[in-house]
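The next block holds one structure in the form of structure tokens; read it before the comments.
Sequence positions, counted from 1, serve as the residue numbers for this chain.
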Amino acid sequence: LFNSGGGLAWRVMMNKISLTPTSEISLWNGDVQLFLAGRPNLGIPLLDEKGWAPDLKYPPTAEAFGHFAEVRGLETVWWPDVSNFNRAFDICLVARGATSRFWQPVPALNSYGLRFFRKAPVDGIIVSKGSTVMFTTADCPTVILFCKHPAKLVAVVHAGRDSLLPEANFLTKAKEMSSVERVAQFLLRGCAPEGIQAYITCGIKAPNFAHPWSHEKHGEKNRLRTEHVITRYGEGVLLRGREGYQNGHLSLDNIVAIQLRRLGIPLANIKGDAINTYTDKRDGEYLWFSRRRDRAKSTGSNLVIVKSNW
């Protein structure tokens with residue numbers, strides 16, 4: 001069921017920055033291509049104003065991404081700001097543009113024949129032929145949904161904890177949908193459940209994703225969240241320890257799978273990889289950025305690049 005993934009690396013060679021693939025994953029007979037960018041080999045030399053993503057306004061960084069786009073055949077790229085966990089989504093079709101007015105173009109990449117838009121505050125994007133979606137994450141899984149009939153569409157969804165488990169649902173007993181549920185329900189308007197394929201990638205795993213009830217600041221909220229999760233999704237989405245579920249080890253992957261199954265998407269259509277952003281290493285070095293692991297010392301995010309390839 002699970003495939004191991006590699007990553008991409010921002011490399012610094014002879015004072016130049018390059019985006020070099022070390023692995024990629026081909027999904028659904030090549031209709032969707034997935035690239036994963038983990039920790040750089042030598043450090044990202046220039047970050048944006050938030051300090052967590054490559055600054056595409058800086059010419060050498062723009063050149064590196066522009067070259068990658070040329071080699072990989074990227075035409076239009078949508079890079080949203082998923083930091084708000086707002087569960088909103090946008091429909092970004094090349095033929096008619098995007099519905100959100102918040103997209104900002106990146107003119108520095110026009111010379112590479114690339115239309116690049118960023119910063120719209122959405123948790124999910126639905127695109128068609130000719131589009132690529134790029135997310136920056138640092139533990140939150142990304143969910144890719146693919147609908148083949150009646151028209152090919154691919155959706156990319158930010159599946160962070162607060163996107164999957166809206167706080168209002170366990171603090172005020174609201175019934176808000178998750179980011180994954182909202183996007184999947186939209187696809188189901190035109191696609192039969194058995195026609196939707198799903199892939200979950202590049203997130204933290206349950207053993208490293210604790211929400212202890214004893215936490216000085218968040219203990220009570222962690223307890224309410226854990227009890228809500230057990231009631232709503234069952235004990236299978238938590239790891240049980242010596243003290244029961246009081247450490248609140250959540251499996252975001254399992255929550256995604258249950259949400260999709262309840263919408264009628266067959267379990268056989270839901271796949272994922274074994275990447276754990278918290279623990280994975282190569283040659284003794286961490287492969288991925290992890291906010292949980294690095295906490296205040298975290299200086300970057302992973303790139304998840306999803307290309308429609310038909």
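The local environment of NZ in Lys148 is sparse, with at most 12 non-hydrogen atoms from other residues, nucleotides or ligands closer than 6.0 Å. Under a cut-off of 6.0 angstrom, the local environment of NE2 in His67 is sparse, with at most 12 non-hydrogen atoms contributed by other residues, nucleotides or ligands. Remark: Glu285 CD is loosely packed, at most 12 non-hydrogen atoms of other residues, nucleotides or ligands lying under 6.0 Å away.
Under the 4.5 Å side-chain criterion, counting only non-hydrogen atoms from C-beta, Tyr112 is not in contact with Leu74. Proximity of Phe89 to Val157: side-chain heavy atoms (C-beta onward) are nowhere separated by under 4.5 Å. Between Glu167 and Lys221, the closest side-chain pair of non-hydrogen atoms falls below 4.5 Å. Residues Ile125 and Val154 form no side-chain contact, since every pair of their non-hydrogen atoms from C-beta on lies 4.5 Å or further apart. By the 4.5 Å heavy-atom criterion applied to side chains, Leu153 and Val127 are not counted as neighbours.
Interatomic distance, CZ of Phe146 versus CG of Leu27, reported as 9.5 Å (0.5 Å rounding). Put simply, CG on Asp123 and NE2 on His158 are 5.5 Å apart, with the number rounded to the nearest 0.5 Å. In this structure, OG1 in Thr136 is found 7.0 Å from CG in Leu303, a value given to the nearest 0.5 Å. Going from atom CD1 of Ile144 over to atom NZ of Lys271 covers 14.5 Å, rounded to the nearest 0.5 Å. Taken from CH2 in Trp288 to CG in Asp294, the straight-line distance is 14.0 Å, to the nearest 0.5 Å. In this structure, NZ on Lys129 lies 10.0 Å from NZ on Lys307, to the nearest 0.5 angstrom.
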Any chance you could lay out the side-chain contact (heavy atoms from CB on, under 4.5 Å) test for Thr142 and Cys202, step after step, and finish with the verdict? CA-CA 7 Å; Thr142 298; Cys202 201; 5.7 Å; no
Might you work through the side-chain contact (heavy atoms from CB on, under 4.5 Å) test for Phe65 and Leu114, ending with a clear yes or no? CA-CA 10 Å; Phe65 196 88; Leu114 182 65; 4.0 Å; yes
Between Val32 and Asn309, does a side-chain contact (heavy atoms from CB on, under 4.5 Å) hold up when you go through it step by step? CA-CA 5 Å; Val32 175; Asn309 209 36; 5.8 Å; no
Take Thr137 and Ser301 through the side-chain contact (heavy atoms from CB on, under 4.5 Å) test and state the conclusion after the steps. CA-CA 5 Å; Thr137 70; Ser301 294; 6.0 Å; no
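Listed here is the closest heavy atom pair of Gly248 and Thr226: CA-OG1, 3.8 Å. Residue Ala274 comes nearest to Asp280 through the heavy atom pair O-OD2, 4.4 Å, listed as atom of the first residue, atom of the second, then distance. Between Leu239 and Tyr245 the shortest heavy-atom distance is O-CD2, 3.7 Å. Shown here for Val183 and Gly124, the closest heavy-atom pair between the two residues is CG2-CA, 4.4 Å. The nearest pair of heavy atoms linking Ser179 to Arg87 is N-CG, 3.7 Å. The two residues Val106 and Asn110 make their nearest non-hydrogen contact at O-OD1, 3.8 Å.
Cluster membership for Leu224 and Leu238, using ILVMFWY side-chain heavy atoms within less than 4.5 angstrom, is not shared. Under the 4.5 Å side-chain contact rule for hydrophobic residues, Val143 and Leu188 share a cluster. Hydrophobic clustering places Trp28 together with Leu36 (ILVMFWY residues linked when any side-chain heavy atoms are closer than 4.5 Å, directly or through intermediates). Under the 4.5 Å side-chain heavy-atom criterion for Ile, Leu, Val, Met, Phe, Trp and Tyr, Phe85 and Met134 are members of distinct hydrophobic clusters. A continuous path of ILVMFWY side-chain contacts below 4.5 Å connects Val133 to Trp310, so both sit in one hydrophobic cluster.
A ring-ring contact (aromatic ring centres under 6.0 Å, His included) with Phe117 is found for exactly one of Trp78, Trp103, Phe102, namely Trp78. Evaluated for a side chain to side chain donor-acceptor pair (under 3.5 Å) with Lys205, the options Thr279, Asp253, Asn276, Thr277 yield exactly one hit, Asp253.
Looking at Asn86, its side chain does come within 3.5 Å of a backbone N or O of Ala88 through a donor-acceptor pair. Without hydrogens or angle criteria, Ser308 side chain to Ser131 main chain gives a donor-acceptor distance under 3.5 Å. In this structure, Asp81 contributes its side chain and Ser83 its backbone to a donor-acceptor pair below 3.5 Å. Remark: side-chain polar atoms of Asp273 are not paired, donor with acceptor, to backbone N or O of Thr201 under 3.5 angstrom.
Relative ring orientation between Phe116 and Trp79 is described as perpendicular, the plane-to-plane angle rising above 60° on a 0-90° scale split at 30° and 60°.
Judged by the 6.0 Å distance and 45° axis criteria, Arg72 is not positioned over the aromatic ring of Phe35.
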Distance-only donor-acceptor hits, side chain of residues 256-269, under 3.5 Å, sequence neighbours excluded:
{"from": "Gln259", "atom 1": "OE1", "to": "Ser178", "atom 2": "OG", "distance (Å)": "2.7"}
{"from": "Gln259", "atom 1": "NE2", "to": "Leu164", "atom 2": "O", "distance (Å)": "3.2"}
{"from": "Gln259", "atom 1": "NE2", "to": "Tyr233", "atom 2": "OH", "distance (Å)": "2.9"}
{"from": "Arg261", "atom 1": "NH1", "to": "Ile265", "atom 2": "O", "distance (Å)": "3.2"}
{"from": "Arg262", "atom 1": "NH1", "to": "Arg232", "atom 2": "O", "distance (Å)": "2.9"}
{"from": "Arg262", "atom 1": "NH2", "to": "Arg232", "atom 2": "O", "distance (Å)": "2.7"}
{"from": "Asn269", "atom 1": "ND2", "to": "Glu194", "atom 2": "O", "distance (Å)": "3.0"}
{"from": "Asn269", "atom 1": "ND2", "to": "Ile196", "atom 2": "O", "distance (Å)": "3.0"}

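Not counting sequence neighbours, the partners of His211 by the side chain to side chain contact (heavy atoms under 4.5 Å, CB included) test are Arg161, Phe209, Asn222, Arg225, Leu250, Arg292.
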